[in-house]
Amino acid sequence: ILTDSSTNPGPDINFDNCDGIWPRTYGGSENIKRFVSDIAVDSNDNIYTVASLNENDISYEDISFTASNQGLYLMKHDSNGNLVWNSYFNEATDSATKLKLVNDKLIIMTSDGNLLIYDINGNLLYQYTVTDENGNYKLDVDENTEEIYLAVKYLSSYSNTDYSIPGGSTSIVIFKFSSSGVYEDHYEISGGSAANTSVYDIAFSESENKLFVSTQIQGDYRGYGLAVNSSGFGAVNYTMFSNPVKLLAFNNTSHTLYVEKYNQGVFAFSTDFNDANPHHILGSFTDDLSDLYYNPIQEELLMSKIDKIAKFDNNNQLIYSTPQISSFASIQAIAVNNSDQIYFSGYYKQTTTIGSKTLIKYNNSQTDGFITRLKEENGSIVYNRPIQTNVISDFYAVPNPVGEQVEIHSEKLENSLGENEGYQIKIMDIYGNVKESSPFVPNKTQLNISTYKTGMYFGEIFNNNKLISTLRILKK
């Protein structure tokens with residue numbers, strides 16, 4: 001990931017002898033894009049994600065999930081990747097731009113301009129429409145007061161009962177909301193043309209009691225520090241960078257602001273920007289990053305590129321950088337639990353592998369979404385096939401999707417001798433009609449499904465008349 005030879009290269013994580021991954025993938029037959037845009041982890045290692053999915057989308061690893069409609073899905077998985085609940089937000093074109101977990105609340109900003117607050121059981125507590133325009137809006141939270149800050153780009157005028165944004169030129173507006181989502185204040189940054197006005201990221205520093213905003217105004221790339229006090233916002237700091245500033249992250253202990261400058265790398269600044277020679281700490285990157293995350297518990301800085309992850313200690317020394325995770329998967333967001341395990345989410349364009357395991361492409365979709373976990377203790381990735389009540393989900397179809405011949409594989413039985421008898425499979429369509437019920441030998445018998453219609457089929461695996469596993473087969 002790093003190209004700066006002056007930086008300590010650190011050890012690479014080895015994926016060759018990995019335990020694998022427990023991926024959860026989501027996709028379907030419609031030719032649209034799916035992705036898991038952000039991820040958060042609580043103190044009990046439960047994983048919360050926001051995904052953009054289509055009606056009837058499924059998960060190969062979780063037979064219990066089928067999307068009811070097109071739109072935004074908030075999901076909770078336990079530490080083994082099992083789906084606990086999912087909650088649908090009923091806006092067909094909506095997707096999430098940011099997810100924040102603060103105590104017992106999940107705060108989401110959507111691409112259609114909705115601020116959403118959920119409890120940890122997936123119940124929508126509050127919804128506030130900030131704008132009627134579609135965009136990539138930014139969100140951060142003061143973790144001391146739980147007050148919410150948004151950065152929104154306006155192309156035209158907008159008004160509601162709380163505020164009015166004038167038209168005439170593009171502007172970037174910074175909002176402050178209470179912990180329950182009630183509007184409190186806003187601050188407008190005048191812009192220019194739509195093409196030359198953008199907001200890249202915001203980050204709240206609890207130690208400084210300031211909100212920092214990275215914007216583009218009329219071709220200049222700027223960082224603002226906004227003071228937050230009882231009388232409202234006030235612009236207190238300003239700096240201009242020669243390159244776009246895409247991501248911000250804070251180390252609140254040392255009052256350091258990490259700034260990712262497009263195609264140049266990560267820099268550290270004092271938070272008042274008075275440092276005449278900002279310290280260039282992490283080398284340069286061959287591509288821009290997708291996420292930047294400071295872990296206050298471990299005092300480490302994490303960053304993800306499209307296909308790699310790197311970690312630095314509090315002395316700015318590289319702990320490791322991963323090799324390329326996948327040729328066709330793109331990381332969009334990273335999160336860390338209290339045990340220093342890294343979770344990441346994103347999308348993939350075609351059937352690919354992460355570690356030694358396969359993410360299967362869903363029919364004709366442009367991209368499919370995924371979430372997974374990286375295990376650091378032994379330099380490997382962790383894999384568990386889905387755990388479901390009363391069944392052993394170790395069986396899977398190869399290939400999948402399939403055109404004519406399919407085999408049913410089991411990793412546990414790959415090297416076994418004389419233990420592959422007594423197995424039977426029952427294949428059903430989505431209406432429960434049994435298409436086939438026959439004995440088979442795992443990892444060997446080929447089943448001919450060439451006469452099946454295109455679509456999804458469900459398989460039940462029995463051993464000595466006892467149900468031991470379920471799976472899905474996608475017929476091309």
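From a predicted model like this one, the values you see are computed outputs, not experimental measurements.
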Aromatic ring proximity, centroids under 6.0 angstrom, Tyr187 and Phe175:
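No - the distance between ring centres of Phe175 and Tyr187 does not fall below the 6.0 Å cut-off.
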
Please list, chain by chain and in numerical order, all residues satisfying salt bridge (Lys or Arg N to Asp or Glu O under 4.0 Å) with [X], sequence neighbours excluded.
{"X": "Lys33", "result": "none"}
{"X": "Lys76", "result": "none"}
{"X": "Lys138", "result": "none"}
{"X": "Glu407", "result": "none"}

Partners passing ring-ring contact (aromatic ring centres under 6.0 Å, His included) against [X] (at least two apart in sequence or in another chain):
{"X": "Tyr128", "value": "Phe177"}
{"X": "Phe204", "value": "Tyr149"}
{"X": "Tyr293", "value": "none"}
{"X": "Phe250", "value": "Phe212"}

Is the number of heavy atoms from other residues, nucleotides or ligands within 6.0 Å of CD (Gln405) greater than 12?
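Counting other residues, nucleotides and ligands, CD of Gln405 exceeds 12 neighbours.
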
Is it the case that atom NZ in Lys100 sees more than 12 heavy atoms from other parts of the structure closer than 6.0 Å?
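Enclosed: over 12 neighbouring heavy atoms sit under 6.0 Å from NZ of Lys100.
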
Between the side chains of Asp201 and Lys246, is the shortest nitrogen-to-carboxylate-oxygen separation below 4.0 Å, so that they form an ion pair?
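Looking at Asp201 together with Lys246, the answer is no, because their closest N to O distance does not fall below 4.0 Å.
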
Examine the side chains of Thr25 and Asp368 and answer whether a donor and an acceptor come within less than 3.5 Å of each other.
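Side-chain D/A pair, Thr25 to Asp368: absent.
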
Positive for ring pair (Phe, Tyr, Trp, His ring centres under 6.0 Å) with Tyr88, one of Tyr73, Phe65, Tyr118:
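Single ring pair (Phe, Tyr, Trp, His ring centres under 6.0 Å) partner of Tyr88 among Tyr73, Phe65, Tyr118: Tyr73.
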
Which residues pass the side-chain hydrogen bond (donor to acceptor under 3.5 Å, both in side chains) test with Ser178, not counting sequence neighbours?
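For Ser178 the side-chain hydrogen bond (donor to acceptor under 3.5 Å, both in side chains) partners, ignoring immediate neighbours, are Ser180.
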
List for me each residue that meets side-chain hydrogen bond (donor to acceptor under 3.5 Å, both in side chains) alongside Gln332, sequence neighbours excluded, and say none if there are none.
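By the side-chain hydrogen bond (donor to acceptor under 3.5 Å, both in side chains) rule, Gln332 matches no residue at all.
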
If you draw the axis of the six-membered ring of Tyr452, does the NZ or CZ of Lys435 fall within 45° of it and under 6.0 Å from the ring centre?
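The answer is yes; both the distance and angle limits are met.
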
Pairwise salt bridge (Lys or Arg N to Asp or Glu O under 4.0 Å) hits with a residue in residues 36-57, at least two apart
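For residues 36-57, and leaving out neighbouring residues, the salt bridge (Lys or Arg N to Asp or Glu O under 4.0 Å) pairs sorted by first residue read Arg34-Asp57, Asp38-Lys98.
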
Using the side chain to side chain contact (heavy atoms under 4.5 Å, CB included) criterion, which residues pair with Asp119? Sequence neighbours excluded.
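In terms of side chain to side chain contact (heavy atoms under 4.5 Å, CB included), with neighbours along the sequence ignored, Asp119 is linked to Asn121, Asn123, Leu125.
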
